[in-house]
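Accompanying notes for the structure given below.
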Amino acid sequence: MNDDAVNTIKWIIESIPYGRVATYSQIAELAGLPRRARFVARILSDSDDSDALPWHRVVRADGRIAPRPGADKQATRLRRERVDVIDGRIDLKRYGWNDDRDMLTE
DNA sequence: ATGCTGACTTTTG
DNA sequence: ACAAAAGCCAGCA
């Protein structure tokens, strides 16, 4: 993949609001790269702290935290910003990144 | 080109 | 709800 696509994806991840989560596939979709969820995952995997990405706000399509060494830290970081993580799972209805709902007054 | 890998997703059973 | 299988696609050897 070209660096352009990589940068686009990184930019999208950076724009996930505090206290919300987005899925791998959702990010790929927003980047105009449907069916590239794994590509998004790869970018996160390859990235390091110097990228300063909110990697903890990226979860699986069903709201679960992707299992891997260090996954526990993700739950901690999310809870630190008031995101409920129950049994390794996040309720996307409530915490999923959705611009529509961001505009509503609840 | 070929075959395998994987912070994934969807379909099946 | 859970597990297995199948589908998926960029990257790499």
Side-chain angles (χ1 to χ4, degrees):
Chain A
M1 238 347 180
N2 56 70
D3 297 329
D4 234 28
V6 174
N7 289 325
T8 300
I9 287 174
K10 288 188 175 179
W11 178 82
I12 290 173
I13 294 174
E14 282 172 16
S15 50
I16 303 173
Y18 176 99
R20 329 225 48 178
V21 298
T23 70
Y24 298 93
S25 52
Q26 176 184 6
I27 292 163
E29 190 86 36
L30 288 172
L33 300 169
R35 278 172 263 101
R36 308 293 167 79
R38 300 191 99 131
F39 185 54
V40 174
R42 167 173 283 283
I43 291 171
L44 284 172
S45 180
D46 293 346
S47 73
D48 53 45
D49 315 293
S50 63
D51 286 309
L53 297 175
W55 51 269
H56 57 287
R57 304 195 185 127
V58 184
V59 299
R60 286 184 171 178
D62 62 358
R64 302 192 95 112
I65 290 176
R68 67 188 183 282
D72 49 323
K73 292 234 343 206
Q74 183 168 3
T76 301
R77 291 182 78 126
L78 284 172
R79 288 196 257 256
R80 196 180 300 163
E81 45 188 74
R82 320 201 323 274
V83 173
D84 251 337
V85 184
I86 302 166
D87 211 26
R89 207 177 333 123
I90 289 128
D91 185 354
L92 295 180
K93 294 287 191 210
R94 285 197 292 168
Y95 301 105
W97 183 20
N98 178 304
D99 285 333
D100 282 354
R101 190 189 39 206
D102 282 341
M103 295 175 171
L104 300 177
T105 57
E106 296 283 333

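Computed from a prediction, not measured in an experiment: that's the story for all the values here.
Counting all heavy atoms, side chain and backbone alike, A:Y95 lies closest to A:G19 at CD2-O, 3.8 Å. Of all heavy-atom pairs between A:A61 and A:S25, the closest is CB-OG, 4.4 Å. Taking both residues in full, the closest heavy atoms of A:D62 and A:L92 are given as C-CD1, 4.2 Å, listed atom of the first, atom of the second, then distance. Between A:A71 and A:A66, the shortest heavy-atom distance links the atoms CB-O, 3.7 Å.
Note that CZ of A:R64 is 6.5 Å distant from CG of A:D87, once rounded to the nearest 0.5 Å. Between atom CG of residue A:L30 and atom OG1 of residue A:T23 there is a gap of 8.5 Å, rounded to the nearest 0.5 Å. Considering CG of A:D84 and CD1 of A:I90, their distance stands at 9.5 Å, rounded to 0.5 Å. The distance from atom CH2 of A:W97 to atom CD1 of A:I27, rounded to the nearest 0.5 Å, is 7.5 Å.
Note on residues 31-48 of chain A: pairs passing side-chain hydrogen bond (donor to acceptor under 3.5 Å, both in side chains), not counting sequence neighbours, are A:D48-A:S50. Judged as a side-chain hydrogen bond (donor to acceptor under 3.5 Å, both in side chains), the pairs with a partner in residues 7-17 of chain A (not counting sequence neighbours) are, in order, A:K10-A:D51.
With rounding to whole Å, A:L44 atom CG is found 17 Å from B:dG6 atom P. In this structure, CZ of A:R42 is placed 17 Å from P of B:dC4, rounded to the nearest angstrom. Protein atom CG of A:D48 is 17 Å distant from nucleotide atom P of B:dA7, rounded to whole Å.
Take A:R80 and apply the side-chain contact (heavy atoms from CB on, under 4.5 Å) test, not counting sequence neighbours, and it matches A:T76, A:R77. Partners of A:E29 according to the side-chain contact (heavy atoms from CB on, under 4.5 Å) rule, which considers only residues two or more places apart in sequence or in another chain, are A:P34. In terms of the side-chain contact (heavy atoms from CB on, under 4.5 Å) criterion, residue partners of A:D91 (sequence neighbours excluded) are, by chain and number, A:K93, A:R94. Residues passing the side chain to side chain donor-acceptor pair (under 3.5 Å) test with A:Q74 are A:R68, sequence neighbours excluded.
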Between the protein and nucleotides 11-13 of chain B, which nitrogen or oxygen pairs come in under 3.5 angstrom?
none

Between protein and nucleotides 3-6 of chain C, what N or O pairs are separated by less than 3.5 Å?
none

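The backbone N or O of A:I65 sits nowhere less than 3.5 Å from a side-chain atom of A:R89 that would complete a donor-acceptor pair.
Applying a 4.0 Å cut-off to non-hydrogen atoms, none of the residues of residues 71-88 of chain A approaches DNA chain C. At a non-hydrogen distance threshold of 4.0 Å, A:W55, A:R60 from residues 53-60 of chain A come into contact with DNA chain B. Within residues 24-39 of chain A, the residues having any heavy atom closer than 4.0 Å to DNA chain B are, in order of number, A:Y24, A:S25, A:A37, A:R38.
Taking the P atoms as reference points, C:dC8 lies 12 Å from B:dT12, given to the whole Å.
Of the two residues near DNA chain C, A:N2 and A:R64, the one whose nearest nucleotide lies more 5' is A:R64.
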